[in-house]
Amino acid sequence: MRAYIADIARYEGQQVTIRGWLHNRRSSGKIHFLIVRDGTGFIQAVMSKAAVGDEAFTRADHLSQETSLSVAGTVRADARARGGYEIDVSGIEVHGESHDYPVTPKEHGVDYLLDRRHLWIRSERQTAILRVRHEVIDAVRDFFNSRGFILCDTPIFTPAACEGTTTLFPVQYFEDTTAFLTQSGQLYNEANAMALGRVYCFGPTFRAEKSKTRRHLTEFWMVEPEMAYADLNDVIELAEGLVASVVARVLERRRAELQILERDTATLETIRVPFPRITYDQAAELLKDKGQPFQYGTDLGGGDETVLSEHFDRPVCITHYPAAVKAFYMKTDPQQPDKALCVDVLAPEGYGEIIGGGQREDDLERLQRRIQEHQLPQEAFEWYLDLRRYGTVPHGGFGMGIERCVSWICKLEHVRETIPYPRMLYRLYP
RNA sequence: UCCUCAGUAGCUCAAUGGCAGAGCAUCCGGCUGUUAACCGGAGGGUUGCUGGUUCGAGUCCAGCCUGAGGAGCCA
């Protein structure tokens, strides 16, 4: 009977066949220990000479790492085994040999591994991360779907910049114009929200920033909800609910993966809404108290975010940034016109920004003025301005970076391990 | 674009300006409970590239290439 390793407990005492790959092998004269993986997990298959005979035993002498094979045998509970079960082998069928597999059980450098990312993802650690990624994405979808949000995806090819063209990838294909790869679904999302009320888009995003840091990718995935008839407080509550829900879901369903990653889950268990909220001004005070060199009026830098996110034991919401450092579509605060009705959510443990969003400018004239101030071509935004011409309402939303979120939940050193094939400055292969 | 660091066997790394080394991987042999198994043996090198200093350069100097970390910018 075909069985998956993840379900192996169900088959105790039964004869099963596992179809997978050889992860590692240890041998002595009359016994082979074969670590087999099938994508759902790892299990040790024990092959003794007495049980399978000399010929079959000798044929297994040279099975090498990542040989694809089917292993038939009896499932046996064993306290010595990781996972609690082993398979006593009765027979092996090899499907494809594998010689000199490049990713050995020993250490490798990052560059070496990234050049072999298509093989690296077979490793226990990488499969654990990719399962957490799957769970995060699944939890995000469930969160919005269960709250009545409609998935309404936005285009990848866009005619103009969301916030200027300097960090966009140009595409030469369309007649008489240069297209760009999207850096946010934001503007289209606003149109969708005026049609469907509460919407979200979820897709790849492209940033042509010359960023070389552990929190940047040139191609990453972002989920962006947008709500009609919503103010900044509604946006913050939605963001808090999403983050808490995603963390709870991963703790509920992917504890084994977090354990493989040696992730201390204590700091994740405590995450409950509401999150602490501070204004930009309070953040500036806090940075000053902590001796962080910080120029009031500028955006928070990576180091500033690290200091702030280490100060709180859960994600922290930072609101009311200076309008000057935020995008043109951010609504300014009527109480203090130099500040924007925006929110960034910083993940704890030094991970920094995972969410950015806020309330959008819903007044036609103020929005036109902002477009001029940012020296953007108004004709490219006429359709966007229509949203203010035909039944404008207060509305808002945010974007959450999936890779940064996964990186924090798994407590990784670098976001490049959170996506199957990372795209970075100087990294396009494989 | 700028700053810092790195590049030596298939991989991870050593080597005071003086014979190019180890562990793992591979191959051969041994071992019936191993957990990155272990023990013995063998093969494996244009020290990133170009030039310079020197009796002698993996090592010092200059330039270049490739990568990593960070800055700016951002999710």
- How long is the line joining CG of A:Leu114 and P of B:A68, in whole Å? 7 Å
- From CE of A:Met424 across to P of B:G67 the rounded distance in Å is 10 Å
- Task: With heavy atoms under 4.0 Å as the rule, sort A:Arg82 into base, sugar-phosphate or nothing.
- Result: nothing
- Query: For B:C60, which nucleotide in any strand shown is its Watson-Crick or wobble partner with both distances under 3.5 Å?
  - Reply: B:G52
- Interatomic distance at C1', B:C3 relative to B:G44, whole Å: 39 Å
- Item | Under-3.5 Å donor-acceptor pair between A:Glu413 side chain and B:G69 base | no
- Could you work out the separation of B:A75 and B:U35 based on their P atoms and round it to a whole Å? 49 Å
- Message: Need one value for A:Glu124: base, sugar-phosphate or nothing, where a base atom within 4.0 Å counts as base even if backbone is also close, heavy atoms only.
- Response: nothing
- Query: At under 4.0 Å between heavy atoms, what does A:Thr205 touch on the DNA or RNA strands: base, sugar-phosphate, or nothing?
  - Reply: nothing
- Query: With a 4.5 Å heavy-atom cut-off, do A:Ile137 and A:Ile402 have their side chains touching?
  - Reply: yes
- Query: 5'-most contact on RNA chain B: A:Glu403 or A:Val110, nearest heavy atom basis?
  - Reply: A:Val110
- Task: Under a 3.5 Å limit for both distances, which nucleotide forms a Watson-Crick or G-U wobble pair with B:A25, could you say?
- Result: none
- Name the nucleic acid region contacted by A:Ile355, choosing base, sugar-phosphate or nothing; use a 4.0 angstrom heavy-atom cut-off, strictly under. sugar-phosphate
- If you take all heavy atoms of A:Ala3 and A:Ile8, which pair is closest and at what distance? CB-CD1, 4.4 Å
- Message: With rounding to the closest Å, how many angstrom separate the P atoms on B:C5 and B:A42?
- Response: 41 Å
- Message: Taking B:G21 as the reference, what is the distance to B:A14 when you measure between their C1' atoms (whole Å, please)?
- Response: 7 Å
- Query: Does the ring centre of A:Phe42 sit less than 6.0 Å away from the ring centre of A:Trp21?
  - Reply: no
- Message: Does A:Asp344 reach a base, just sugar-phosphate, or nothing at all? Heavy atoms under 4.0 Å.
- Response: nothing
- What nucleic acid atoms does A:Met400 come within less than 4.0 Å of, heavy atoms only: base, sugar-phosphate, or nothing? nothing
- Query: Rounded to whole angstrom units, what separation is found between the CG atom of A:Leu113 and the P atom of B:A68?
  - Reply: 12 Å
- Query: Base, sugar-phosphate, or nothing for A:His108, non-hydrogen atoms under 4.0 angstrom?
  - Reply: sugar-phosphate
- When rounded to the nearest Å, what value does the distance between C1' atoms of B:U59 and B:G18 take? 11 Å
- With a 4.5 Å limit on heavy-atom distance, are the side chains of A:Leu113 and A:Leu119 in contact? no
- Task: Determine whether the aromatic ring centres of A:Phe220 and A:Phe206 lie less than 6.0 Å apart.
- Result: no
- Message: So A:Phe33, base contact, sugar-phosphate only, or nothing? Heavy-atom distance under 4.0 Å.
- Response: base
- Message: Applying the Watson-Crick and G-U wobble criteria at under 3.5 Å, what pairs with B:G45? Answer none if nothing qualifies.
- Response: none
- Task: For nucleotides B:C2 and B:U53, find the distance between their P atoms and express it as a whole number of Å.
- Result: 30 Å
- Check every strand shown and say whether A:Glu209 touches a base, only sugar-phosphate, or nothing at a heavy-atom separation below 4.0 Å. base
- Rounded to the nearest Å, what distance is computed from the CZ atom of residue A:Phe398 to the C1' atom of nucleotide B:C74? 17 Å
- What interatomic distance, in whole Å, is found between P of B:C11 and the corresponding atom of B:U26? 15 Å
- Message: Strictly below 4.0 Å: does A:His414 bring a side-chain N or O up to OP1 or OP2 of B:G69?
- Response: yes
- Query: Taking the side chain of A:Phe220 as heavy atoms from C-beta outward, which of B:G33, B:A75, B:C31 is closest to it?
  - Reply: B:A75
- Task: For residues A:Tyr280 and A:Tyr296, establish whether the separation of their ring centroids is below 6.0 Å.
- Result: yes
- Message: On the nucleotide B:U34, are OP1 or OP2 found under 4.0 Å from the side-chain N or O atoms that A:Arg26 carries?
- Response: no
- Item | Interatomic distance where CG belongs to A:Asp61 and C1' belongs to B:G30 [whole Å] | 12 Å
- Return yes if a side-chain donor-acceptor contact under 3.5 Å exists between A:Arg25 and A:Gln65, otherwise no. no
- Item | Rounded distance in Å - CZ (A:Arg207) to P (B:A75) | 5 Å
- Item | Closest contact, heavy atoms only, A:Leu412 versus A:Tyr351 | O-OH, 2.7 Å
- From the list B:G70, B:U35, B:A25, which nucleotide is the closest neighbour of the side chain of A:Thr213? B:G70
- Nucleotide of B:A75, B:G70, B:A25 approaching A:Glu353 most closely (side-chain heavy atoms): B:A75
- For A:His99 and A:Glu97, test the side chains for any donor-to-acceptor distance below 3.5 angstrom and give the result as yes or no. yes
- Using the P atom on both, measure B:G41 against B:G23 and round to a whole Å. 10 Å
- Item | Whole-Å distance separating the OH atom of A:Tyr112 from the C1' atom of B:A68 | 18 Å
- Once you apply the 3.5 Å cut-off to both distances, tell me the Watson-Crick or G-U wobble partner of B:C2, or none. B:G70
- Query: Base, sugar-phosphate, or nothing for A:Gln44, non-hydrogen atoms under 4.0 angstrom?
  - Reply: base
- Item | A:Tyr321 OH - B:C73 P separation (whole Å) | 13 Å
- Check every strand shown and say whether A:Arg416 touches a base, only sugar-phosphate, or nothing at a heavy-atom separation below 4.0 Å. sugar-phosphate
- Given that A:Arg76 and A:Asn24 both sit by RNA chain B, which one's nearest nucleotide is further toward the 5' end? A:Arg76
- Task: Examine B:A71: is either OP1 or OP2 under 4.0 Å from a nitrogen or oxygen in the side chain of A:His216? Give yes or no.
- Result: no
- Query: Heavy atoms under 4.0 Å, any strand shown: does A:Gly109 hit a base, just sugar-phosphate, or nothing?
  - Reply: sugar-phosphate
